[in-house]
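Read the structure below first, then the notes.
In what follows, every chain begins at residue 1, and chains take the letters A, B, ... in the order their sequences are listed.
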Number of protein chains: 2
Amino acid sequence: MTVQSFFPPQRTLMGPGPSDIHPRVLQALSRPTIGHLDPLFIQMMDELKSLLQYAFQTENEFTIAISAPGSAGMEACFVNLLEPGDKVIVCRNGVFGERMRENVVRCGAHPILVDNAWGESVSVEKVEQAIQEHPDAKVLAFVHAETSTGALSDAKALGHLAKQYGLLTIADTVTSLGGVPLAVDEWQLDAVYSGSQKCLSCVPGLSPLTFSPAAIETIKARKTPVQSWFLDQTLVMGYWSGQQKRSYHHTAPVNTLYALHESLVLLQEESLTASWQRHQQMHQQLKQGLEQLGLTFVVKEEERLPQLNTVRIPEGIDDEWVRNYLLRQYNLEIGAGLGQFAGNAWRIGLMGYSARTENIALCLKALEDALTQCKR
Amino acid sequence: MTVQSFFPPQRTLMGPGPSDIHPRVLQALSRPTIGHLDPLFIQMMDELKSLLQYAFQTENEFTIAISAPGSAGMEACFVNLLEPGDKVIVCRNGVFGERMRENVVRCGAHPILVDNAWGESVSVEKVEQAIQEHPDAKVLAFVHAETSTGALSDAKALGHLAKQYGLLTIADTVTSLGGVPLAVDEWQLDAVYSGSQKCLSCVPGLSPLTFSPAAIETIKARKTPVQSWFLDQTLVMGYWSGQQKRSYHHTAPVNTLYALHESLVLLQEESLTASWQRHQQMHQQLKQGLEQLGLTFVVKEEERLPQLNTVRIPEGIDDEWVRNYLLRQYNLEIGAGLGQFAGNAWRIGLMGYSARTENIALCLKALEDALTQCKR
């Protein structure tokens, strides 16, 4: 078999990620590769670190990008902070809360589950109750923005609650970073990871990560080695630290890091506040249009993520038919439901560069057409 | 602080990787991002799988690319094949053999070490002796091409030896894939991983991986869960399998996979045999030139990797001064020594697109100049 070069079409990406990539990010991606120990690359990495500190709103010295997708970032938090036997309060209101539980178990630690229905935020009251019932818990883990449901949780309240009781926090900000307010230091969050392919408009493959001084202390005081060599951040610290000579850990994904750097330069140019506002404004536009089409939201208004709109699929409408039609006729991707929502909800992303008026106009017009065609 | 866009210089990469990226690969990298569940992306992934099967010379159904660098590919082999208490014969003749040992320990398994000096191949005799002394060993792990030293080991003999005694093999082919003969099926290797950034001329960030039917059986018969969620290949099988509906595991690094696809299309166009020959021919050219400069090789001739030339730094020559001079004056990167070889050897890579006459000419002329300048 002879395989030809692959030329993908130009899609408009309005699913749960990857989102549309900013053209400047794609340009940065294909700049000449240099060595991962090149002094100019190291300088770029230092800049990347300060750009990530800005995005996370933190002064954490340990602020990096894991050389793998968000799920590796999640695992990095758990394998570094936990030791066998530790108790972790895990908030579960969608796919990613459940994935956190799996991570806890695979570390030999014990998850205490705080469940909320899919589409709901994490209940701060329930979490406080769980903490009181388990005074020996070490970590509180939760998802700030549940990509599987479109629900936003109160990371500020959860962060402060955890500190009040002396717990460390692990927070998933994969879909929230850059799209809704997030202030790692002010909210006192300890281990926070994200993804490159959501509101940062960068290609998938990297997981921004930041550890507070308290998280670092915990890691340094470990009695057992981190079970993953690749994700052992004690080994990576040397590589990202600007003070000392870079030591080799693994070959950094050089070009993807160029892309992340550029996407963060773009975020800095727009400013975080303006980016949050844009996501909110675009959400309002989309919401009006979706409601005019008769579509209803899964998540109640005050808990809704502007950048991820989960709507119910109307009676008699064929989920897959509609998504295929949008892709075929309009080169438009919207997201399928995940888990409990598979087949009965769509996820319409307005993340990063996808959060633009022209995308919304296309999406609404195309959906209107698809719904009409499907009913025939 | 305001950070500007990053514009890297055009370097010539003749270190231990990343190697020079083929221009067509960089072009492929910045093609429009599409969704990781897009039918066209899935088609591309199927092609990628058959291209990887060609590169590895295998018909293994489970042949994929891990969404992270080679060290994650290494870890994927160990965490999937091993369970706590297993015995593993680990061949150690450089940095990556030692990293294998670390992986074994972190899996709760027991490494039996077979040591060879840095710069030597793995001794097949010593390995056989170790197998005979430890009849309960489950896995033989070795590095085909030691990137830290430039030594090639006899993967064919080691593969056959392991089968003769009923052991599974884990083979590191990070630096060998595409550069020297490798035949996974014929040599009966079970779990084989590589890297994108060496002889494939692709950007760093992916780890090609193949598991034999025997490896898959072992994984399916596990009594304990794989300790890593991200690297648990039982969860990934669904995603890469062409037969069934793709299920979501993690967001694939879409653009980097475009690049790998293109680099493998290039390999197919050239043919594996021609690529192996080119690496060998270029090595002979470089070798002549280096010897004319009075430089000597660390590895003896019959065990030498053509794509990674480790030479001793002459008396009175300042390692760092020379490498900085080459970088500053010629935009040329050669590799420093690693581990035992730090400060006393250079590693000159001729991998993939770097293995060209023009690169060799530049390298030899620049080195001649640097050595003369440094002696002054």
**OP:** Output the option from B:G205, B:S228, B:P225 having the highest count of non-hydrogen pairs under 4.5 Å with chain A.
**Re:** B:S228
Subject >> Taking every non-hydrogen atom, the tightest pair across B:G35 and A:E333 >> reply: CA-OE1, 3.4 Å
Subject >> Side chain, backbone, both or neither of B:L338 within contact of chain A (heavy atoms, under 4.5 Å) >> reply: side chain
Original post:
Would the number of heavy atoms belonging to other residues, nucleotides or ligands and lying under 6.0 Å from CD of A:Q329 be above 12?
Top reply: yes
Original post:
For chain A, which of B:N331, B:T224, B:D20, B:L26 has the most heavy-atom pairs under 4.5 Å?
Top reply: B:L26
**OP:** Counting only heavy atoms closer than 4.5 Å, note whether B:F7 contacts chain A via side chain, backbone, both or neither.
**Re:** both
**OP:** Measure the shortest side-chain to side-chain distance between A:P18 and B:T251 over non-hydrogen atoms and say whether it is less than 4.5 angstrom.
**Re:** yes
Subject >> Options B:Q268, B:E47, B:Q197, ranked by heavy-atom pairs under 4.5 Å with chain A, top entry >> reply: B:Q268
Subject >> Under 4.5 Å from a heavy atom of chain A, the part of B:L29 involved >> reply: both
Original post:
What part of A:A28 is in contact with chain B, defined as an atom under 4.5 angstrom from a non-hydrogen atom: side chain, backbone, both or neither?
Top reply: neither
Subject >> Greatest number of heavy atom pairs closer than 4.5 Å to chain A - which of B:D232, B:V3, B:V79, B:L327 >> reply: B:V3
**OP:** Nearest 0.5 Å please: distance from the CH2 atom of B:W229 over to the CZ atom of A:R101.
**Re:** 12.5 Å
Subject >> Proximity breakdown for B:V226 and chain A, heavy-atom pairs closer than 4.5 Å >> reply: both
Original post:
Would you say B:Q227's side chain and A:Q227's backbone share a donor-acceptor pair under 3.5 angstrom?
Top reply: yes
Original post:
At a heavy-atom separation under 4.5 Å, does B:T12 approach chain A through its side chain, its backbone, both, or neither?
Top reply: neither
Original post:
Of the listed residues (A:Q10, A:H261, A:M74), which shares the most heavy-atom pairs with chain B below a 4.5 Å separation?
Top reply: A:H261
Original post:
Among B:Q4, B:E269, B:E262, B:R99, which residue forms the greatest number of heavy-atom pairs with chain A at distances under 4.5 Å?
Top reply: B:R99
Subject >> Most chain B-contacting option - heavy-atom pairs closer than 4.5 Å, from A:Y258, A:F78, A:Y54 >> reply: A:Y258
Subject >> A:H36 to B:G17 - nearest heavy-atom pair and separation >> reply: CE1-O, 3.8 Å
Original post:
Contact part of A:L264 toward chain B, heavy-atom cut-off under 4.5 Å: side chain, backbone, both or neither?
Top reply: neither
Original post:
Which pair of heavy atoms, one from A:P32 and one from B:P8, lies closest together, and at what distance?
Top reply: O-CG, 3.4 Å
Original post:
Per the side-chain contact (heavy atoms from CB on, under 4.5 Å) rule, which among A:T256, A:V254, A:T33 passes with B:V203?
Top reply: A:T33
**OP:** Examine whether an atom of B:P23 lies under 4.5 Å from a heavy atom of chain A, and if so say whether it belongs to the side chain, the backbone or both; otherwise answer neither.
**Re:** neither
Subject >> A:E75 side chain to B:F230 backbone, donor-acceptor under 3.5 Å >> reply: yes
Subject >> Contact origin within A:I21 toward chain B - heavy atom pairs under 4.5 Å >> reply: side chain
Subject >> Partner chain A: residue of B:S67, B:P39, B:G195 with the largest heavy-atom pair count (under 4.5 Å) >> reply: B:S67
Original post:
What residue in A:S19, A:A68, A:P69 has the most heavy-atom pairs under 4.5 Å with chain B?
Top reply: A:P69
